[in-house]
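Data first, discussion second: the structure below is written as structure tokens.
Throughout, protein chains are lettered first and strands after them, A, B, ... in sequence-line order, and every chain is numbered starting at 1. Quick note: numbers below take in every heavy atom, side chains included, and nothing from hydrogens, waters or symmetry partners.
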Amino acid sequence: MKIATWNVNSIRARHELVLDWLKRVEPDVLCMQETKVVDDDFPTDELMRLGYAVAMAGQKTYNGVAIASRRPMKDIAVGLHDDGPEADKRLIAATIDGLRVLSAYIPNGKSPTLPAFQGKLHWLARLRETLERGPAGEIVLCGDFNVAIDDRDVYDPEAMRGQLHFHPEEHKALAHLLDLGLVDAFRLHHEEGGLYSWWDYRGGGFRKNQGLRIDYVFVGKALAAHCRDASMDVDARRRDKPSDHIPVVVELDQP
DNA sequence: ATGACTGACGATGTCAGA
């Protein structure tokens with residue numbers, strides 16, 4: 001079972017790249033974030049022609065999450081447990097082969113000094129609550145978390161420390177979420193630093209490898225024992241008109 | 001010149017992203 005996550009930064013701007021990637025990599029499941037499209041305009045048919053069903057939760061201009069799956073999805077749920085009707089579309093979940101797969105787009109937070117930052121921390125706390133209340137099943141929590149976990153995940157730890165994406169309050173909130181028993185699948189297979197999932201479009205960030213690792217697949221501890229491989233597809237950033245994020249891919253042995 | 005952002009909305013700029 002191959003499961004991937006990718007912040008595509010607009011599925012309409014990226015659908016050809018995404019379709020090419022699906023043909024090449026053939027994941028069973030692709031979680032997407034920042035689709036930036038209402039559900040009626042999602043390129044559902046193009047994905048269906050490649051054999052994928054799509055569960056999506058989109059909105060105009062901002063946010064938007066989706067799960068494309070070649071295997072049947074059930075118990076599709078949108079949003080955090082206490083989301084109101086006007087909440088940003090940042091979370092969708094589905095059960096696939098007994099796995100509870102989630103596609104999450106954690107708020108950016110804007111700046112540690114602004115109220116949006118507290119909203120980011122609160123969103124992570126509410127995600128934990130949502131997982132605790134969700135249906136049973138091994139969790140595969142995928143998405144753009146907008147937090148770099150440790151010094152290996154940022155290109156300049158001393159400059160970044162205390163800044164957005166690398167702030168102790170963000171680390172605390174993410175650690176509390178992972179205390180549910182979730183493991184960073186990528187780190188099961190790669191120990192070294194300098195491996196990033198995002199680079200700024202500006203300033204030649206990718207060319208200089210000045211990036212951040214902020215996109216993750218977190219798996220339950222029992223599932224971690226079945227994680228055969230994990231990788232990030234840097235090639236996706238070398239294509240024409242790339243997303244600023246690249247896919248993270250994990251391979252799980254069949255339970 | 002060895003640097004230079006991208007997408008949506010719906011405009012000839014503004015906002016957001018990270």
Side-chain angles (χ1 to χ4, degrees), chain A residues 5-19 21 31-43 56-66 86-91 103-124 127 142-171 173-174 193-216 232 234 236-248:
Chain A
T5 185
W6 194 2
N7 178 324
V8 296
N9 185 17
S10 170
I11 190 61
R12 283 179 291 175
R14 221 69 65 199
H15 70 277
E16 284 189 37
L17 191 64
V18 170
L19 291 169
W21 189 84
C31 295
M32 288 168 272
Q33 300 86 36
E34 279 205 275
T35 53
K36 296 186 176 179
V37 70
V38 295
D39 294 351
D40 285 348
D41 292 338
F42 195 98
M56 79 282 279
Q59 65 184 89
K60 188 177 169 185
T61 311
Y62 303 116
N63 310 309
V65 285
E86 304 303 313
D88 288 350
K89 296 290 191 273
R90 292 181 178 274
L91 182 68
S103 178
Y105 176 45
I106 280 68
N108 168 291
K110 298 186 192 296
S111 163
T113 62
L114 295 175
F117 187 75
Q118 296 306 315
K120 178 181 194 174
L121 303 178
H122 191 219
W123 204 95
L124 286 165
L127 177 56
C142 302
D144 173 3
F145 285 76
N146 273 316
V147 180
I149 292 176
D150 65 41
D151 285 10
R152 297 171 294 176
D153 302 322
V154 299
Y155 64 89
D156 188 344
E158 297 321 313
M160 281 290 296
R161 213 175 301 284
Q163 305 294 317
L164 190 70
H165 304 113
F166 203 56
H167 189 285
E169 290 295 321
E170 292 172 326
H171 291 145
L174 183 57
L195 302 174
Y196 306 127
S197 68
W198 170 90
W199 298 261
D200 202 315
Y201 284 124
R202 297 167 293 188
F206 181 65
R207 182 177 50 78
K208 293 184 275 194
N209 197 31
Q210 294 181 348
L212 302 171
R213 193 173 74 97
I214 54 178
D215 299 85
Y216 305 100
M232 297 196 287
V234 182
R237 192 61 160 83
R238 299 191 180 103
R239 301 300 176 106
D240 286 338
K241 292 178 69 65
S243 171
D244 44 355
H245 298 252
I246 59 170
V248 183

Could you check whether any side-chain heavy atom of A:Trp199 comes within less than 4.5 Å of a side-chain heavy atom of A:Ile246, counting everything from C-beta outward? yes

Distance check: side-chain N/O of A:Asn7 vs OP1/OP2 of B:dA18, anything under 4.0 Å? yes

Nucleotide of B:dG17, B:dA18, B:dA8 approaching A:Trp198 most closely (side-chain heavy atoms): B:dA18

Please classify the nucleic acid contact of A:Asn63 as base, sugar-phosphate, or nothing, using heavy-atom distances under 4.0 Å. nothing

Return the minimal non-hydrogen interatomic distance between A:Pro112 and A:Leu164, and the atom names on each side. CG-N, 3.9 Å

With DNA chain B as reference, determine whether A:Pro242 or A:Asn146 sits nearer its 5' end, using the nearest nucleotide of each. A:Pro242

Would you kindly give the CD1-to-C1' distance between A:Ile214 and B:dG17, to the nearest whole Å? 10 Å

Rounded distance in Å - CG (A:Asp240) to C1' (B:dC5): 15 Å

State plainly whether the residues A:Asp244 and A:Arg237 are in salt-bridge range, i.e. N to O under 4.0 Å. no

Phosphate contact (B:dG17 OP1 or OP2) by A:Lys36 side-chain N/O below 4.0 Å: no

Sugar-phosphate only, base, or nothing, as touched by A:Gly205 at under 4.0 Å among non-hydrogen atoms: nothing

Rounded distance [0.5 Å steps], NZ in A:Lys120 versus CG in A:Leu114: 12.0 Å

If you define the side chain from C-beta out and look only at heavy atoms, does anything of A:Val154 sit under 4.5 Å from A:Gln163? no

Which of A:Asn63, A:Thr61, A:Asp41, A:Asn9 passes side chain to side chain donor-acceptor pair (under 3.5 Å) with A:Lys36? It is A:Asn9

B:dG7 phosphate, OP1 or OP2, under 4.0 Å from A:Arg14 side-chain N/O: yes

Taking 4.0 Å as the cut-off, does a side-chain nitrogen or oxygen of A:Thr61 come that near to OP1 or OP2 on B:dA16? no

For the pair made of CZ in A:Arg90 and P in B:dA16, what is the distance, rounded to whole Å? 12 Å

Using whole Å, report how far CG of A:Asn9 lies from P of B:dG7. 7 Å

Any side-chain N or O of A:Arg12 below 4.0 angstrom from OP1/OP2 of B:dC9? yes

Rounded to whole angstroms, how far apart are CG on A:Leu164 and C1' on B:dG17? 10 Å

How far, in whole Å, is B:dG7 from B:dG3 if one measures between their C1' atoms? 22 Å

d(CG, A:Asp41; P, B:dA8) in whole Å: 11 Å

Nearest-neighbour nucleotide for the A:Tyr105 side chain, B:dG3, B:dG17, B:dG7 considered: B:dG17

With a 4.0 Å limit, can you tell me whether A:His245 has a side-chain N or O closer than that to the phosphate oxygens OP1/OP2 of B:dG17? no

Tell me, do A:Leu91 and A:Trp123 make a side-chain contact under 4.5 Å, heavy atoms counted? yes

Spacing of A:Lys208 atom NZ relative to B:dT2 atom C1', expressed in whole Å: 11 Å

Write down the partner of B:dA8 under the Watson-Crick or G-U wobble criteria, each distance required to be under 3.5 Å. B:dT14

Separation between the P atoms of B:dG10 and B:dC15, rounded to whole Å: 14 Å

Quick one: sort the A:Trp198 and A:His245 rings into parallel, tilted or perpendicular, breaks at 30° and 60°. tilted

Given atom CD of A:Gln59 and atom P of B:dC9, what is their separation to the nearest angstrom? 11 Å

Candidates B:dG7, B:dG17, B:dG3 - which lies nearest the side chain of A:Arg207: B:dG3

Given the P atoms of B:dA18 and B:dT6, what is the spacing between them in whole Å? 16 Å

A:Tyr196 six-ring centre to A:Arg213 NZ/CZ under 6.0 Å and within 45° of normal: no

Sort out the partner of B:dG3 for me: Watson-Crick or G-U wobble, both distances under 3.5 Å, none otherwise. none

Between A:Tyr201 and A:Lys60, which is nearer to the 5' end of DNA chain B once each is assigned its nearest nucleotide? A:Tyr201

Go through residues 106-124 of chain A and report each residue with a non-hydrogen atom lying under 4.0 Å from DNA chain B, sorted by number. A:Asn108, A:Lys110

